[in-house]
There are 2 protein chains.
Amino acid sequence: MNLPLAPTDEPPQLRADAARNRTLLLDAASRLLSGCGAADLTMESVAAAAGVGKGTVFRRFGDRAGLLIALLDHREKQLQAAFLSGPPPLGPGASAADRLHAFGPAVLRHERDHHPLILASRTDPLRNYAVPALHLRINHIAMLLRQADVPGDPELLAHTLLGSIDTALVHHLTTERGMPLERLEEAWHHLVTRLGAPA
Amino acid sequence: MNLPLAPTDEPPQLRADAARNRTLLLDAASRLLSGCGAADLTMESVAAAAGVGKGTVFRRFGDRAGLLIALLDHREKQLQAAFLSGPPPLGPGASAADRLHAFGPAVLRHERDHHPLILASRTDPLRNYAVPALHLRINHIAMLLRQADVPGDPELLAHTLLGSIDTALVHHLTTERGMPLERLEEAWHHLVTRLGAPA
DNA sequence: ACTTTAAGCGGACCATGGTCCGCTTGATTG
DNA sequence: CAATCAAGCGGACCATGGTCCGCTTAAAGT
């Protein structure tokens, strides 16, 4: 760990050279990533490809997971836009219940496309919960649950719902156990319906 | 990875010296563990404390996670005995619904006691699903769900239920978010009730 | 422009997980 | 008991994530 400043966030203002190197590194990593598996992406190779020293990578991203998460964050923006401000039923405009139903499949598809990176970024099991993207999802779901008057603890239910479509779980079920994605979508709908049904 | 024999299992029969070294290693690891955090347990120190070479540790346990899981497996036996053959309501003798209700708190308590090791053993997010102990839990819950005539996909519901009391999640919620364990237990009961309630 | 200073940089260095391969030894067979 | 041989062993070796610290430089003040 090595975050000498700004207690919880990245310092909002990077010096010009630092900002340049940051995008240089992100680009280099992306480029390397499309030529090999995420597992083969070494910090040193990224630094070399970006033409900077290894120390710079660590200074900027903290550790390997940090780099991968930053890479992921970028791709995640699309999904976030879709459920925060995109068209219904995922975005605002539909009922909370409909938005909940739409959320699962959307995340499932997003994870299908990005699971190698997502899985590679998860070395520390606790780190996941610190990822801003996850927080956003949790809060969003919790909000929808409240809007839909679903009984129970909204925050915990949100965690439970998201847990049921967690990348690692889904990957395990689809590859090791041969379950089709449709079965998982069905289970999502069942779960949402079940939790939302009037007592 | 380094499992030269027996495709999916440990070879059931270890040579005498190998078996001896295995328990030597497990003991040494246990001993070291009670003197420092799991994070400080290095493979080399375990080997040294057991009086064997480093290669032997890897040959026996595959990798670090394998060693930690083996350590855990031993402690897990108690919990397994409790829900497989212990007294009701956790063990057989109570209704399936009652057993389900009892299961959450039991796991929660078990995880409270062992979370440092459990978390340390989780480096590869996919590896978890290969742990025999987890399989056992999943199958057990799925069976109870069927017995209780809970509607929906028993296997997926089992994953969802267990996910809601996953060690990493619980640790995050109790330490980062300051939630008392009671709140998690309540949520468990709510979830079980909700899923089991007649449509 | 000149000074100042803290952010940034880089690459030598360290720790540790994991591999390899030649040697040793417990089991098995006759 | 001798011979055989696969399982086991150990420690040198390698790859890589992560740290450290002296040097450089962008940026803000005067």
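Within every chain, numbering begins at 1; the chains are lettered A, B, ... in the order of the sequence lines, protein sequences first and strands thereafter.
In this structure, the side chains of B:Ser30 and B:Leu71 come closer than 4.5 Å at one or more pairs of heavy atoms.
In this structure, A:Phe61 places its CZ atom 11 Å from P of C:dC9, rounding to the nearest Å. B:Arg64 has its CZ atom 8 Å from the P atom of C:dG18, to the nearest Å. Residue A:Arg22 contributes atom CZ, which lies 12 Å from atom P of C:dC9 at whole-angstrom precision. Summarising the geometry, the separation between CD on A:Glu44 and C1' on D:dG17 is reported as 10 Å, rounded to the nearest angstrom. With rounding to whole Å, B:Phe58 atom CZ is found 17 Å from C:dC21 atom C1'. Straight-line distance from the CG atom of B:Asp40 to the P atom of C:dG17: 11 Å, rounded to whole Å. Taking atom CG of B:Asn21 as the reference point, atom P of C:dT25 lies 13 Å away to the nearest angstrom. The CG atom of A:Leu67 sits 14 Å away from the C1' atom of D:dT16 (whole-angstrom rounding).
Residues A:Arg15 and A:Gly51 both approach DNA chain C. Their nearest nucleotides, taken by heavy-atom distance, put A:Arg15 toward the 5′ side.
Dashed line: the shortest gap from a side-chain N or O of B:Thr56 to OP1 or OP2 of D:dG8 is not under 4.0 Å.
B:Glu155 and B:Arg146 are not joined by a salt bridge, as no carboxylate oxygen comes within less than 4.0 angstrom of a charged side-chain nitrogen. Ion pair B:Arg22/B:Asp27 not flagged as a salt bridge, since none of the NZ, NE, NH1 or NH2 atoms sits closer than 4.0 Å to an Asp/Glu carboxylate oxygen.
Taking the side chain of B:Met43 as heavy atoms from C-beta on, and the options D:dG17, C:dG17, C:dC9, the nearest nucleotide is C:dG17. For A:Asp17, counting side-chain heavy atoms from C-beta on, the closest listed nucleotide (C:dT16, D:dA26, C:dA27) is D:dA26. Comparing D:dC9, C:dT19, D:dG18 by their closest approach to the side chain of A:Asp63 singles out D:dG18. When each of C:dC9, D:dG8, C:dA6 is scored by its nearest atom to the side-chain atoms of B:Arg59, the top-ranked nucleotide is D:dG8. Considering only the side chain of B:Lys54, C:dG17 comes nearest among D:dG8, D:dG18, C:dG17.
Centroid-to-centroid, the aromatic rings of A:His140 and A:Phe103 come within less than 6.0 Å.
Within 6.0 Å of CD in B:Gln147 there are more than 12 heavy atoms belonging to other residues, nucleotides or ligands.
Between the B:Trp188 side chain and the B:Leu108 main chain, no donor and acceptor come within less than 3.5 Å of each other.
Over its full length, the helix from C:dA1-D:dT30 to C:dG30-D:dC1 turns its helical axis through 30°, comparing axes from the five pairs at each end and rounding to 10°.
Paired with B:Thr167 under the rule side-chain hydrogen bond (donor to acceptor under 3.5 Å, both in side chains), one option of B:Arg112, B:His114, B:Glu111, B:His115 passes, and it is B:Glu111.
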